[in-house]
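Below is one structure, written out as structure tokens; the observations come after it.
Quick note: numbers below take in every heavy atom, side chains included, and nothing from hydrogens, waters or symmetry partners. Reminder, nothing fancy here: chain letters follow the sequence lines and each chain counts from 1.
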Amino acid sequence: MLDELQRLALETVQLNKQALIFLPSRASAEKTAEDIAKVLQFHLPELAETVEKALSNPTKQCQRLASCITKGVAFHHAGLVAKQRELIEDEFRSGKVKIICATPTLAAGVSTPAFRVIIKSLKRFSANWGMDWIPVLEYLQMAGRAGRPEYEKFGEAIVIAKDEKEKKEIYTRYICGKPEEIYSKLAVEPVLRTHLLSLIATGSIRDEKSMKDFFSATFWAHQYSDFTELENIMNRMLQRLETWQFVTTGKTKKSTGEFIAARELEEQKTALHATQMGKRVSELYLDPLTARHLLDSLAAFQRNDQKKKQERSDVFPLLFMICHTLEMRPLLRIKSKEEEKIQEELNQRYETLLEKEPSAYDAEYEEFLFAFKTTLFLDTWIQERDEDYLLETFDVRPGEVRAKLEIADWLLYASEELGKLQELREAVRELRKLRLRVKYGAKEELLPLLKLKGIGRIRARKLFLHGIRDLGDIKKADLATVHQLLGKALAEDIKKQVGEETIEIPKGTRKGQVSLEKF
DNA sequence: GGCAGTTCTATATAGACAGCATGTC
DNA sequence: CTATATAGAACTGCC
């Protein structure tokens, strides 16, 4: 017995057309793709191979995708690695892939029109409300993918209703309904903070008056009819920026005692300037709240570090620091099964963290735990566990792993920059190392080897296991040994790399000399 | 008793835009 | 609060 989606898919293929099927969750996208794969007859082994090779160690997810794509069907969601997503989109456009089962990622992203768009459900799980109707705008975005103007005169968008009643509701709600008002992004506090600081840093806003002028001209103000309330919000933001020491206002400064005209004095009182730190924060595109959090944590780290000099400093607190930010969201959620284990782990680690644990009754407590789990995940990554292990242990798919690593890298870079400006030497040193470790997913001991081009964590570990632990060891090592470990071309290449290194160190004095045998 | 197959139940749920300068298996 | 896929528990029936 075929279900409705299988039948629709089959029919689309028989028409020699393509379809895009939107589903509410990743699980259902994958499931549907597999169901459809069962009823299609295509055979595209070369695509399957590319999909599987996207990762060095294919995960279960990769294998499922591979077996679907052989049949001309693919699932598409944020859990996939960018490479795989691109491949799917390209092959859909080229016509080899006939059906894509996607979550709404695809609707918002690149242009992949299809003759037919099928929307399985217009409801989606939302944290606050349970299953709820999605916005009309989102429906339009999905339906808008139907039809490829260059090739076809029309396209079809099909919405599936589960019964007559739902059919009517969908009709009134979506077909006849108006898209909701576009709300201004400035209404979101973090965006407002960031924006305000950047305007002050660049000099576009120089005093309270120009601040009011600027914001009253925005779309935000246009929507927000109560201007007094709006002014209150702005002033509150401004005050925060001042307490965080990213901005100085006239009130902060002392009077110079010089004679100035009353009006100028008034202007000086309300003059707004970004501090040096404020400017850097703005250049880094950081939410000021995050920046403050990073600065405070770094200072705490530096203090702790000095307290226990002899102990090898632990990077876990720094990882937690970057995980407990708005930027890292959405954080890994804690399933009820693992709650106890995570709690236990937290109790062990708690002492070392750079901030206090909120009370268990606090609204922020859950967030704190999620951040902690996310930290455990990053920590596991830098212990050299592979993607499959992360998928099994944390239920994090490869695409999400990459996304989180990228954010982590960015935040570590930003922390490093802020640390430099504050002259937090030890913290900066640790951050620099940590950033490399996060990038490569490696333990600290591999860092010297990772400097080499062509050497990632896998090869570095291999060398390390054979007693080659740093650049000096590579110089000392026999070419044949390295050759055996890494292959001919790479062995010669890294020998050359360390060889050149010896030329560069004493700048100018030994120009052109290649001294391999010297070591 | 030991198992294979079945039904029941608990659980979880979409996504992405920043800086910077290139390269893992 | 409306759904649905999935993993694992609990249950069934068969030898």
Side-chain angles (χ1 to χ4, degrees), chain A residues 3 22-32 34-35 52-58 75-83 85 102-109 120-135 138 141-142 160-163 165-166 169 185 190-191 194-195 198 280-287 290-291 325-330 332-339 386-387 395 397 399-400 402-407 409-418 435 439-442 449-462 486-487 490 493:
Chain A
D3 69 20
F22 286 108
L23 297 129
S25 70
R26 293 174 193 176
S28 51
E30 295 184 9
K31 165 76 163 44
T32 310
E34 280 176 335
D35 287 348
E52 263 201 276
K53 273 202 298 195
L55 288 177
S56 46
N57 290 330
F75 53 85
H76 185 289
H77 55 59
L80 300 180
V81 183
K83 224 191 229 173
R85 282 196 302 234
T103 56
T105 357
L106 200 60
K120 173 68 196 300
S121 160
L122 288 167
K123 287 182 174 177
R124 193 187 305 140
F125 185 88
S126 84
N128 310 326
W129 295 95
M131 294 307 287
D132 201 6
W133 295 105
I134 64 169
E138 255 191 65
Q141 210 158 27
M142 295 191 280
I160 297 175
K162 73 173 201 293
D163 51 37
K165 193 173 148 252
E166 202 184 78
E169 175 138 25
K185 279 224 162 185
V191 182
T194 312
H195 210 62
S198 119
R280 194 73 189 108
V281 168
S282 176
E283 282 165 15
L284 290 165
Y285 281 89
L286 275 177
D287 174 1
T290 300
T325 59
L326 293 177
E327 283 81 352
M328 197 55 93
R329 292 210 281 200
L332 307 199
R333 304 172 60 88
I334 295 176
K335 295 170 209 158
S336 46
K337 258 191 219 162
E338 49 184 14
E339 222 165 320
D386 64 12
E387 272 122 334
D395 198 26
R397 287 150 185 77
E400 300 165 287
R402 300 291 168 89
K404 288 282 173 279
L405 292 181
E406 201 177 311
I407 297 171
D409 183 53
W410 169 52
L411 287 174
L412 286 170
Y413 169 78
S415 305
E416 208 182 304
E417 292 300 304
L418 298 184
R435 191 173 163 219
K439 182 174 174 193
Y440 287 101
L449 295 172
L450 292 172
K451 285 185 192 135
L452 296 166
K453 280 183 199 166
I455 302 293
R457 63 171 180 168
I458 306 287
R459 287 166 173 171
R461 177 52 61 194
K462 211 168 175 184
L486 304 176
L490 196 59
D493 185 53

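Crowding of Glu406(A) atom CD: a count of heavy atoms from other residues, nucleotides or ligands under 6.0 Å not exceeding 12. Heavy-atom neighbours of Arg333(A) CZ from other residues, nucleotides or ligands within 6.0 Å: at or below the threshold of 12.
Residue Ser126(A) is classed as having no contact, given no heavy-atom separation below 4.0 Å to the nucleic acid.
Rounded to whole angstrom, the span from the OH atom of Tyr440(A) across to the C1' atom of dT24(B) amounts to 8 Å. Counting to the nearest Å, the C1' atom of dT22(B) and the CD1 atom of Ile455(A) are 16 Å from each other. The CD atom of Glu34(A) sits 18 Å away from the P atom of dT4(C) (whole-angstrom rounding). dT24(B) atom P lies 13 Å from atom CG of Leu486(A), rounded to whole Å. Phe75(A) has its CZ atom 20 Å from the P atom of dT4(C), to the nearest Å. When rounded to the nearest whole Å, the span between CG of Leu405(A) and P of dT24(B) equals 14 Å. To the nearest angstrom, P of dT24(B) lies 13 Å from CZ of Arg457(A). A straight line from CG of Asp493(A) to P of dT24(B) spans 11 Å, rounded to a whole angstrom.
Nucleotides dT4(C) and dA14(B) place their C1' atoms 15 Å apart, quoted to the nearest Å.
Of the two residues contacting DNA chain B, namely Ile334(A) and Gly454(A), the nearest-nucleotide position lying further toward the 5' end is that of Ile334(A). Toward the 5′ end of DNA chain C lies the nearest nucleotide of Thr32(A), the other residue of the pair Thr32(A) and Lys337(A) mapping further downstream.
For the residue pair Ala78(A) and Arg85(A), the shortest heavy atom distance occurs at CA-NH1, 3.2 Å. The two residues Leu450(A) and Ala460(A) come nearest to each other via the heavy atoms CD2-CB, 3.9 Å.
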## Note on the structure
Readout for nucleotides 13-20 of chain B: B = base within 4.0 Å of protein heavy atom, S = sugar-phosphate only, - = neither; 5' to 3' it is BBSB-BBS
### Task
Test Lys31(A) against Glu34(A) for salt bridge (Lys or Arg N to Asp or Glu O under 4.0 Å), laying out the working first.
CA-CA 5 Å; Lys31(A) 165 76 163 44; Glu34(A) 280 176 335; over 6 Å; no
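dC14(C) and dG2(B) make up a base pair, with Watson-Crick or G-U wobble contacts both under 3.5 Å. Pair check for dG15(B) finds none; no Watson-Crick or G-U wobble contact set falls under 3.5 Å. With a cut-off of 3.5 Å on both Watson-Crick or G-U wobble distances, the partner of dG23(B) is given as none.
In terms of the side-chain contact (heavy atoms from CB on, under 4.5 Å) criterion, residue partners of Glu169(A) (sequence neighbours excluded) are, by chain and number, Trp133(A), Arg173(A).
The nucleotide whose nearest atom lies closest to any side-chain atom of Lys120(A) is, among dT11(B), dT4(C), dA3(C), dT4(C). Set against dG23(B), dT11(B), dA3(C), the side chain of Lys162(A) has dA3(C) as its closest nucleotide.
Among the candidates Lys404(A), Arg397(A), Arg402(A), the single residue satisfying the salt bridge (Lys or Arg N to Asp or Glu O under 4.0 Å) test with Glu387(A) is Arg402(A).
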